[in-house]
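I have placed the structure first, in the form of structure tokens, so that the comments after it can refer back to it.
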Protein chains: 2
Amino acid sequence: MKAKVYVTLKLGVLDPQGKAIQHAVELLGYEGVADVRQGKYFEIKMADGALGEEDARKAAERMAREVLANPVIEDYRVEIEP
Amino acid sequence: MKAKVYVTLKLGVLDPQGKAIQHAVELLGYEGVADVRQGKYFEIKMADGALGEEDARKAAERMAREVLANPVIEDYRVEIEP
């Protein structure tokens, strides 16, 4: 079983790295780009048979909240793939 | 319109950052974690009405290939959201 965790900055939080990417792609000639925001993406492979889907989701959400994201400035989203 | 770009290391490529995270979550007491891999996630907001869905996808894929990912060691995936 695999958990996918997406971590993004909250909406009000400045994202200078995203702004730098936006500026770079504009310089490279891409048009129509209004905004770029960068986040993080984690794939967590769970040991086979160690956890059921519900427990895997709970474990991944706890990991996202406690380790992978900073809940003060970041949002996270968890997806479970069998 | 919004394009979401996911960039992950190719399967054979070592991911020391992912290994460090796996080691950290194990030390913190999480069980059943077989592997962790870290990737990058980008949200690209396109200017309203600037591009149709097909063109937006093409632009996002070109950006992913040329700017956001290193195709030698990374894979990328593009999703378009209206």
Side-chain angles (χ1 to χ4, degrees), chain A residues 1-11 13 15 17-53 55-69 74-77 79, chain B residues 1-11 15 17-53 55-69 74-77 79-80:
Chain A
M1 193 161 340
K2 211 191 251 176
K4 296 178 174 182
V5 179
Y6 306 91
V7 176
T8 48
L9 284 169
K10 282 184 198 277
L11 258 191
V13 180
D15 180 1
Q17 195 170 5
K19 279 280 167 247
I21 296 169
Q22 183 188 350
H23 190 62
V25 295
E26 277 167 3
L27 284 181
L28 286 165
Y30 294 91
E31 276 164 29
V33 175
D35 193 24
V36 178
R37 290 182 78 82
Q38 172 157 24
K40 285 173 285 185
Y41 168 61
F42 302 91
E43 278 184 9
I44 303 166
K45 216 167 102 191
M46 306 287 191
D48 285 335
L51 296 171
E53 183 162 336
D55 289 336
R57 176 179 298 278
K58 272 184 206 155
E61 283 188 351
R62 235 182 77 213
M63 252 182 268
R65 196 172 54 243
E66 296 180 354
V67 189
L68 304 175
E74 291 171 328
D75 287 325
Y76 58 86
R77 183 160 55 88
E79 279 173 15
Chain B
M1 195 161 342
K2 210 192 252 178
K4 296 178 174 181
V5 179
Y6 306 92
V7 177
T8 48
L9 283 168
K10 282 184 197 279
L11 259 192
D15 180 1
Q17 197 171 3
K19 280 280 168 246
I21 296 169
Q22 183 189 350
H23 190 62
V25 294
E26 277 168 2
L27 285 181
L28 287 166
Y30 294 92
E31 276 164 29
V33 175
D35 193 24
V36 178
R37 289 181 78 81
Q38 172 156 23
K40 285 174 283 187
Y41 169 60
F42 302 92
E43 279 185 8
I44 303 166
K45 215 166 102 190
M46 307 289 192
D48 284 337
L51 295 170
E53 183 162 338
D55 290 336
R57 177 179 297 278
K58 273 185 206 153
E61 284 189 351
R62 235 182 78 213
M63 251 182 268
R65 197 172 53 242
E66 296 179 354
V67 189
L68 304 175
E74 290 172 328
D75 288 325
Y76 59 86
R77 183 161 54 89
E79 279 172 15
I80 299 288

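The model shown is predicted, which means the values in this text are computed figures rather than measured ones. Chain letters run A, B, ... following the sequence lines, proteins first, then strands; residues in each count from 1.
- Around CD of Gln17(A), the count of heavy atoms belonging to other residues, nucleotides or ligands within 6.0 Å does not exceed 12.
- A pairwise comparison of heavy atoms in Tyr30(A) and Val67(B) identifies CE1-CG2, 4.1 Å as the closest pair.
- Residues of residues 18-29 of chain A that come closer than 4.5 Å to chain B, counting heavy atoms only, are Ile21(A), Val25(A), Leu28(A), ordered by residue number.
- Considering only heavy-atom pairs separated by less than 4.5 Å from chain A, the leading option among Glu66(B), Met63(B), Met1(B) is Met63(B).
- Summarising the geometry of Val7(B) relative to Tyr41(A), their closest heavy-atom pair is O-CD2, 4.4 Å, with the distance given to 0.1 Å.
- With sequence neighbours left out, Glu31(B) forms a side chain to side chain donor-acceptor pair (under 3.5 Å) with no residue at all.
- With a 6.0 Å radius and a threshold of 12 heavy atoms from other residues, nucleotides or ligands, Lys4(B) has its NZ atom above the threshold.
- No other option in Lys40(A), Glu43(A), Met46(A) has as many heavy-atom pairs under 4.5 Å with chain B as Glu43(A).
- Contacts with chain B were tallied for Ala3(A), Gly39(A), Ala47(A); Gly39(A) has the most, counting heavy-atom pairs under 4.5 Å.
- Both the backbone and the side chain of Phe42(A) come within contact range of chain B, with heavy atoms under 4.5 Å apart.
- Heavy-atom pairs under 4.5 Å with chain B were tallied for Asp48(A), Val36(A), Val5(A); the largest tally goes to Val36(A).
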